[in-house]
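For reference, the structure is listed below as structure tokens.
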There are 2 protein chains.
Amino acid sequence: MPKQVDHGERRRQIGAAVCRLIATKGLDAVSLRHVAAEADVSMGRVQHYFATKDELLMFAFELISERVAARLGAVHSDDPATYLRAILLELLPLSPAARAEAPVLAAFLAQAVVEPRLGQPLREGNDEMVTWLAGMITAVRPGGDPRRDAMALLAFVDGLMLQVLIGQVTPAAAEDLVEHQLSRVLTCG
Amino acid sequence: MPKQVDHGERRRQIGAAVCRLIATKGLDAVSLRHVAAEADVSMGRVQHYFATKDELLMFAFELISERVAARLGAVHSDDPATYLRAILLELLPLSPAARAEAPVLAAFLAQAVVEPRLGQPLREGNDEMVTWLAGMITAVRPGGDPRRDAMALLAFVDGLMLQVLIGQVTPAAAEDLVEHQLSRVLTCG
DNA sequence: TGTTTTACGATGCGTTCGCATTGCAAAACG
DNA sequence: CGTTTTGCAATGCGAACGCATCGTAAAACA
């Protein structure tokens, strides 16, 4: 057999090419040939690592999910209010990394509307997020209905992400909106 | 020539089929043949009324935009607060009509991320909406930064629409969230 | 009534798609 | 050192795609 290669690494390289393609041309620009070209490998290699196109797309979805999770996991703060704000800002396409990932997330989010298999993991991720947010809200401002506020905040940043992506809201304005929205939730319980 | 036919009406029939297809199977399920089948007409007819697939999709986009605008235009109230709440709720997939249109909007919204030609009309519509919302907010609660609150509210309902569409939030919960969010904006300026 | 124009239906073309198949060089392994 | 297994590249296939072309029935118009 030829040189033993890191199977997972190769899959991640190809998956990254899929994400780049989705971010720049949209989900329907993803074809095996385009992916191969974007990853600068042969189409046979793509097929070697992914049995079907569906498997390829699912892997790309897991890949960006993990990337976003990693980015969120890298955020830290001892002050709950600061922590909370940092996480919300991390969900927006403000940093270069987030700007690369957000369009991909948006594409999969829209696809989830008509593809239940994407909806489930998204719901689970959101649920986790809501629980975490609610905990932080409680830490800053006990009482009220933290879970409701958490859901509202999450819907808010999700919508804001899209607005930034389509150029409706500038990154700076988005930051300001998050700040304002957060202060309202945290001060007038 | 054969029976003179209402050109616009035929285009709207086909455009409606496109919207139905997008709502149930997603944007990439839209092909001339599928559209023809969904509209129960021949493919030749579809081509007769739309020179290219792109023109067909653009028309479908204008069609749902007009439908949403019509739905919003049908909302009336003398009380600004009631009016404001009614409009926000109308943006969510709560009524059967809105439930049919929201998935189509979501699909085009995601497409707008990678297709500037969709982004422009969406931005204009959102801008109008923000201005209107800001006016209503001022009418209820003068002072503050009504435009900022309007943008925040719009981002919130946009995100909430998606959450409802992917089954993350029930229509009842969405209604409750809007109520709560609105009261916060209107009472603690 | 003849002519023209409209509204299609039908068919075909070239391309691209996902996927299956085949072949083979190279390294791991006994 | 030979065998086996792995990692691919190449090619081909049938289906579906957007779009162009052609033919024609029928109604409006002269």
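Below, read A as the first sequence line, B as the second, and so on, with proteins coming before strands; counting in each chain starts at 1.
- Distances shorter than 4.0 Å separate some side-chain N or O of B:Ser31 from OP1 or OP2 on D:dC17.
- A:Phe50 has its CZ atom 15 Å from the C1' atom of D:dG7, to the nearest Å.
- The CG-P distance, from B:Asp6 to C:dC8, rounds to 11 Å in whole Å.
- Looking at the side chain of B:Leu32, the nearest of the listed nucleotides C:dC19, C:dG18, D:dG18 is D:dG18.
- To the nearest 0.5 angstrom, A:Gln163 atom CD is 9.5 Å from A:Phe156 atom CZ.
- Contacts of A:Val30 with the nucleic acid, taken as non-hydrogen atoms under 4.0 Å apart, involve only primed sugar atoms and P, OP1 or OP2.
- Both B:Tyr49 and A:Ala29 sit near DNA chain C, but only B:Tyr49 has its closest nucleotide nearer the 5' end.
- Between B:Ile14 atom CD1 and C:dA7 atom P the separation is 12 Å, expressed in whole Å.
- Nearest to the side-chain atoms of B:His34 among the listed nucleotides C:dA7, C:dA10, D:dC17 stands D:dC17.
- For A:Glu179 and B:Arg148, the salt-bridge test fails: no basic side-chain N is under 4.0 Å from an acidic carboxylate O.
- A salt bridge links B:Arg20 with B:Glu38: at least one charged nitrogen is closer than 4.0 Å to a carboxylate oxygen.
- With hydrogens and angles ignored, no donor-acceptor pair closer than 3.5 Å exists between the side chain of A:Gln4 and the base of C:dA27.
- Under the 30°/60° scheme for interplanar angles, the aromatic rings of B:Tyr83 and B:His76 are found to be tilted.
- Between the CG atom of B:Leu57 and the P atom of D:dC17 there is a distance of 13 Å, given to the nearest Å.
- In the set C:dG18, D:dC17, C:dC8, C:dG18 carries the atom at the smallest distance from any side-chain atom of A:Met43.
- The NZ atom of B:Lys53 sits 11 Å away from the C1' atom of D:dA16 (whole-angstrom rounding).
- Atom pair B:Asp54:CG and D:dG18:C1' shows a separation of 12 Å (rounding to whole Å applied).
- For B:Arg33, taking side-chain heavy atoms from C-beta onward, the closest of the listed nucleotides D:dG18, C:dC17, C:dC8 is D:dG18.
- The interatomic distance linking A:Arg11 (CZ) with D:dG7 (P) rounds to 12 Å, in whole Å.
- The side chain of A:Gln47 has C:dA20 as its nearest neighbour among C:dA20, C:dC8, D:dC17.
- Here the CG atom belonging to A:Leu92 is positioned 5.0 Å from the CG atom belonging to A:Leu160, to the nearest 0.5 angstrom.
- Dashed line: the shortest gap from a side-chain N or O of B:Arg45 to OP1 or OP2 of C:dA10 is not under 4.0 Å.
- Atom NE2 in A:His7 sits about 10 Å away from atom C1' in D:dG7, given to the nearest Å.
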